[in-house]
Amino acid sequence: MVDGLFYFLIWVSVFFFALISGILTYSSIKYRRKSPDQPAASNVTHNTTLEVVWTLIPTNIVFVVFAWGWKGSLEQSVAPANALQYRITAQQWNWSIYHPGSFSPSAEMWVPVNTPVKITMDSKDVLHAFFVPAFRVKRDVLPGRYQIVWFEATKIGTYDLFCAEYCGQDHSRMLSKVHVVSQEDYDAMPWDEHPDDPIEWGRVLYRVRCFSCHSDDGSPRIGPTFKGVWGSQEEVTDENGQTITVTVDRDYVRESLYEPQKKIVKGFETAKVGLMTTFSRAEIPDEPEGECELDAIIEFLKSLNN
Ligand code: CUA
């Protein structure tokens, strides 16, 4: 329906552009003044029939566009009652996607083919916009308000999910994927899988959770790089504004995830102004020790020291 209306608008515009500029060009050549003293051939100022016609035709076209768009808009805003229910939380600069019945977020989305999917969205900070061009759906995501979007994917494949609202420095990195899979593959809950190797698992989590603010190659972003940081001594500003030295160990990493404002690395104080992401223990669990997401991230940090 989106494509139909879009191409209708394009072709109506092309038709009238060609018609009007064609008549204009033809008349300017055919009826041009051929010598400087040639008198005007006519002094007609208006033609009621013509004016009524060129008012009624566009008015009718506009009503067609209105009715067509109105119908599409209604269909896009009311999800079918049997739709699968997803939750998405947007924040600078990633998507937390909660699959039906799942309490831990994933960075990418899996949906079964030929099944309506309804997503309830909100934002932790600023305006974002959920945009999957292949599905022709786009909806602003706002802090303090739930926004609904729905779609039914009809072709198995992987599609891009963009943030379509400029939301700050790393807006352009706020990307994800929607995997459309068969019902069988969907039932295997692919979003719950993670690599067996803790370093690889940590790398996946890093890509999802940390990458937008912390590089793994030594270059500073919003926050300090992760390269070589594990086990190092860092000067930090504590919550009383005192400068102290900490060792980057499990406790410090843990605290920086759940209470990032407590000890801020020197030189990155500006990140305090609304930029630092606070994670919950549901998002990055810290137990069981040695087998949880926190420890996978730490194994990844250790691997960056080599
Ligand atoms: Cu989020 Cu742009």
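FYI, the numbering just counts along the sequence from 1. Since this is a predicted model, take the numbers as computed values, not measurements. Just so it is clear, the values below take in all heavy atoms, side chains as well, and ignore hydrogens, waters and symmetry mates. Note that ligands are numbered from 1 as they come in the structure, with each ligand's atoms numbered from 1 the same way.
The number of heavy-atom neighbours closer than 6.0 Å to CG of Asp196, taken from other residues, nucleotides and ligands shown, is 12 or below.
Only protein N, O or S atoms were scored, and 4 of them lie under 2.8 Å from atom 2 (Cu) of ligand 1.
Ring centers of Tyr186 and Trp191: under 6.0 Å apart, within the cut-off.
Side-chain contact check for Glu51 and Asn47: no donor-acceptor pair (N or O, by modelled atom type) lies under 3.5 Å. Using a 3.5 Å distance cut-off with no hydrogens or angles, the side chains of Lys124 and Thr89 do not pair a donor with an acceptor.
With rounding to the nearest 0.5 Å, the separation of CE in Met174 from CZ in Phe131 is 14.5 Å.
Listed by first then second residue, pairs satisfying side-chain hydrogen bond (donor to acceptor under 3.5 Å, both in side chains) with a partner in residues 147-158 read Thr158-His179, not counting sequence neighbours.
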